[in-house]
Amino acid sequence: MPKLKTNRGAAKRFKATANGFKHRATGRNHILTKKAHKRKRNLRGNRHVDGSDVASVIQMLPHN
């Protein structure tokens, strides 16, 4: 059986935790002037990967 390769793009975006995976909130990179302060404030911090997407993240990160 060949070695399993980690998807390097996913490795930079997702980190494994005890309860699944966390990732940075999307929508905070550019075109920020038209977004409300409240919207940008709520995009701070990390989010958990939804349960329906965990299987695909595990497939991309086989060594976690």
Side-chain angles (χ1 to χ4, degrees):
M1 182 148 175
K3 291 181 179 179
L4 296 174
K5 288 195 172 183
T6 298
N7 182 309
R8 298 312 295 164
K12 296 168 188 173
R13 288 170 172 81
F14 301 103
K15 298 290 179 221
T17 64
N19 300 320
F21 293 89
K22 66 179 181 178
H23 67 94
R24 195 174 139 224
T26 59
R28 279 294 303 271
N29 284 328
H30 61 102
I31 315 177
L32 297 173
T33 54
K34 65 173 74 171
K35 293 173 186 167
H37 296 296
K38 181 178 179 180
R39 181 175 168 191
K40 291 186 280 190
R41 184 172 63 245
N42 289 333
L43 289 173
R44 287 182 198 151
N46 294 318
R47 306 282 184 268
H48 283 283
V49 174
D50 191 67
S52 61
D53 297 322
V54 169
S56 59
V57 174
I58 289 172
Q59 188 175 3
M60 291 187 282
L61 304 173
H63 301 293
N64 284 335

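Hydrogens, waters and symmetry mates play no part in the numbers below; they use all other heavy atoms, side chains included.
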- Are any non-hydrogen side-chain atoms of Phe14 and Asn64 less than 4.5 angstrom apart? no
- Query: Atom OG1 of Thr26 and atom NE2 of His23: how far apart are they, to the nearest 0.5 Å?
  - Reply: 7.0 Å
- Applying side chain to side chain contact (heavy atoms under 4.5 Å, CB included) to Thr17 and not counting sequence neighbours gives Asn19, Lys22, His48
- Task: Applying side chain to side chain donor-acceptor pair (under 3.5 Å), name anything that partners Thr33, two or more places apart in sequence or on another chain.
- Result: none
- Message: More than 12 heavy atoms of other residues, nucleotides or ligands under 6.0 Å from NE2 of His37: yes or no?
- Response: no
- Verify the distance criterion only: is there a donor paired with an acceptor across the side chains of Asn7 and Arg13 at less than 3.5 Å? no
- side chain to side chain donor-acceptor pair (under 3.5 Å) with Arg28: which residues, sequence neighbours excluded? none
- Message: Would you say that Thr6 contacts Arg8 through its side chain, given a criterion of any heavy-atom pair below 4.5 Å between the two side chains?
- Response: yes
- Note on the structure: All heavy atoms of Gly27 vs all of Lys35, minimum pair found to be O-NZ, 2.9 Å
- Query: Can you name the nearest heavy-atom pair linking Arg24 to Asn29, along with the distance?
  - Reply: NH2-OD1, 3.3 Å
